[in-house]
There are 2 protein chains.
Amino acid sequence: MKNVREKILEAATDLFDTRGINASGIDLIIAQSGIAKSSLYKYFPSKNQLIVEYLKEKSARFYSWLNTKLETQKATSAEILFELCELLEQWISTPEFQGLPFHIASVEFPDPTHPVNNCSVELSKELQNYLADIAKEAGVKEAYTLAQQLAIIFEGGAMLERLSPGSGAAKKAKSAAITLIKSYL
Amino acid sequence: MKNVREKILEAATDLFDTRGINASGIDLIIAQSGIAKSSLYKYFPSKNQLIVEYLKEKSARFYSWLNTKLETQKATSAEILFELCELLEQWISTPEFQGLPFHIASVEFPDPTHPVNNCSVELSKELQNYLADIAKEAGVKEAYTLAQQLAIIFEGGAMLERLSPGSGAAKKAKSAAITLIKSYL
DNA sequence: AACATATCAGACAGATCTGTACGTTTGATT
DNA sequence: AATCAAACGTACAGATCTGTCTGATATGTT
């Protein structure tokens with residue numbers, strides 16, 4: 001038997017990803033997860049908290065997937081950057097991909113004082129720091145600049161792939177990223 | 001005296017840009033524009049129609065600004081691509097910039113059958129076609145591929161600049177785009 | 001068997017949003 | 001001055017959403 005909290009997060013994740021956050025009401029989430037409304041509010045004191053947990057879990061799953069894939073490769077120095085591009089393309093290209101969650105959340109909650117917006121900004125910076133660490137490992141001097149540019153390219157690619165699925169945006173983002181990386185080596 | 005229709009669109013544009021679309025209710029729009037609710041529904045039969053008109057006008061203003069700037073330059077062949085990058089950086093870097101409207105609209109209305117989403121997808125493709133035309137003029141062979149990659153870079157840059165204003169995302173998008181363009185020449 | 005705890009089911013309050021209706025006021029034209 | 005259309009102001013219907021509350025039901029422990 002699955003944990004009640006897990007069931008809620010799973011249903012919420014599914015709905016947030018496919019319908020958007022604001023369009024996924026509490027009643028819809030409890031209907032999908034099969035749990036009672038009072039149970040939801042027992043584990044998550046507010047919808048905002050649920051959204052933040054959703055964002056953090058999506059992020060954690062992404063880094064977990066990326067780290068294990070990168071570790072198994074054991075690529076040395078610069079090779080790891082190209083492997084990274086390959087993996088990011090894969091991540092964006094899966095049919096289940098629906099756009100970067102913190103992207104969508106920041107658009108749906110544009111108020112800079114809103115906790116969901118704050119969380120989104122934090123996760124966006126975390127991604128850049130993650131990419132910068134890899135760039136540093138690869139021996140790139142201006143690691144942070146490259147990291148920010150890679151973030152731009154893959155976030156843009158994610159956005160366009162979501163807007164026009166099957167347009168090959170992920171693939172073109174990858175090749176653009178590779179061209180850029182080579183100019184830094 | 002300003003046209004009533006113009007006053008509505010102006011107020012709606014201001015609110016949509018700064019607060020987002022769903023967070024800008026009809027009552028707020030009429031309060032800001034100083035017109036009556038019945039007048040709004042006379043000129044725009046629904047909020048969806050108003051949003052679509054807003055998107056189209058923002059798009060038209062963007063291309064109008066870009067075209068006049070590009071024409072005055074009279075750049076020849078490949079030069080026009082670099083001038084384009086300079087202008088796109090400028091567009092994204094202005095303090096009033098709040099993200100690409102069709103981007104935000106497509107996130108707030110993710111349903112593919114919704115008229116606002118349809119309009120967003122259309123405008124996204126229009127941007128790619130516009131960029132492709134310039135790339136063709138510049139003599140790039142794979143003009144459409146480059147156009148899609150430029151769209152990725154500047155849409156990503158726009159997103160990151162909006163998420164973390166002042167982070168220099170626009171500038172880094174420009175330099176990444178220039179590196180990419182050079183690889184095509 | 002009895003009790004305690006977790007979960008369920010659903011009604012409800014309070015707020016908000018879109019779109020309609022209706023009577024009043026303004027302003028331009030004849 | 002009289003008329004007429006446009007715009008105003010506001011109330012209201014109907015829908016939806018978050019979060020609370022209450023009582024019923026299930027589960028597990030002693």
Side-chain angles (χ1 to χ4, degrees), chain A residues 1-55 104-105 107-111 113-120, chain B residues 1-55 104-105 107-111 113-120:
Chain A
M1 190 56 181
K2 211 171 289 183
N3 195 348
V4 172
R5 196 191 133 98
E6 279 174 20
K7 283 204 286 187
I8 299 168
L9 249 183
E10 192 178 311
T13 297
D14 197 40
L15 290 168
F16 289 166
D17 284 345
T18 54
R19 302 188 175 213
I21 300 172
N22 281 323
S24 303
I26 296 291
D27 287 333
L28 197 59
I29 294 170
I30 65 172
Q32 176 112 344
S33 60
I35 58 101
K37 188 182 281 195
S38 36
S39 299
L40 188 150
Y41 279 98
K42 180 186 171 187
Y43 289 99
F44 303 94
S46 69
K47 192 187 178 183
N48 285 341
Q49 283 290 328
L50 174 60
I51 298 166
V52 167
E53 297 292 329
Y54 150 75
L55 289 174
I104 287 151
V107 172
E108 291 207 60
F109 299 87
D111 178 2
T113 69
H114 196 284
V116 171
N117 189 283
N118 289 338
C119 181
S120 300
Chain B
M1 190 54 181
K2 211 172 289 183
N3 196 348
V4 171
R5 196 191 134 98
E6 279 174 20
K7 283 204 287 189
I8 299 169
L9 249 183
E10 192 177 311
T13 298
D14 198 41
L15 290 168
F16 289 165
D17 284 345
T18 55
R19 302 189 176 211
I21 298 173
N22 281 325
S24 304
I26 295 291
D27 288 333
L28 197 58
I29 294 170
I30 65 172
Q32 175 114 344
S33 60
I35 57 101
K37 188 182 280 195
S38 34
S39 299
L40 188 149
Y41 279 99
K42 179 186 170 188
Y43 290 100
F44 303 95
S46 70
K47 191 187 179 185
N48 285 341
Q49 282 290 327
L50 174 60
I51 297 167
V52 167
E53 296 292 328
Y54 150 76
L55 288 174
I104 288 152
V107 172
E108 291 206 60
F109 300 86
D111 177 2
T113 69
H114 195 285
V116 171
N117 189 282
N118 289 339
C119 181
S120 300

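Residue numbers start from 1 in every chain, and the chains themselves are labelled A, B, ... in the order their sequence lines are given, proteins ahead of strands.
- Comparing B/Val4 and B/Lys37 along DNA chain D, the residue whose closest nucleotide (by nearest heavy atom) sits nearer the 5' end is B/Val4.
- A/Glu10 is linked by a side chain to side chain donor-acceptor pair (under 3.5 Å) to A/Lys2, counting only residues two or more places apart in sequence or in another chain.
- Residues in residues 11-23 of chain A take part in these side-chain hydrogen bond (donor to acceptor under 3.5 Å, both in side chains) pairs, two or more places apart or across chains: A/Asp14-A/Gln32, A/Asp17-A/Tyr54, A/Asp17-A/Lys58, A/Asn22-A/Glu108.
- Applying the ring-ring contact (aromatic ring centres under 6.0 Å, His included) criterion to A/Phe109, with sequence neighbours excluded, gives A/His114.
- Applying the salt bridge (Lys or Arg N to Asp or Glu O under 4.0 Å) rule to B/Arg5 yields the partners B/Glu53; only residues at least two apart in sequence or on another chain are considered.
- Contacts between residues 39-55 of chain B and DNA chain D, counted as heavy-atom distances below 4.0 Å, involve B/Ser39, B/Lys42, B/Tyr43.
- Side-chain contact between B/Asn117 and B/Asp111 is absent, with no heavy-atom pair separated by less than 4.5 Å.
- Pairs of residues two or more places apart, or lying in two chains, that qualify as side-chain hydrogen bond (donor to acceptor under 3.5 Å, both in side chains) and include a residue from residues 33-43 of chain A are A/Asp27-A/Lys37.
- In this structure, CG on B/Leu15 lies 5.0 Å from CG on B/Leu28, to the nearest 0.5 angstrom.
- Under the side chain to side chain donor-acceptor pair (under 3.5 Å) criterion, A/Asn118 pairs with no residue, sequence neighbours left out.
- Within residues 12-36 of chain A, the residues that place at least one heavy atom under 4.0 Å from DNA chain C are, in residue-number order, A/Gly34, A/Ile35, A/Ala36.
- Here chain A contacts DNA chain C (any atom closer than 4.0 Å to a heavy atom, that is under 4.0 Å), and the contacts span C/dA6 to C/dA9 from 5' to 3'.
- Contacts of A/Ala12 classified as side chain to side chain contact (heavy atoms under 4.5 Å, CB included), with partners at least two apart in sequence or in another chain: A/Phe16, A/Ile29, A/Leu50.
- Partners of B/Glu6 under the salt bridge (Lys or Arg N to Asp or Glu O under 4.0 Å) rule, at least two apart in sequence or in another chain, do not exist in this structure.
- In this structure, CZ of A/Phe109 is placed 12 Å from C1' of D/dT18, rounded to the nearest angstrom.
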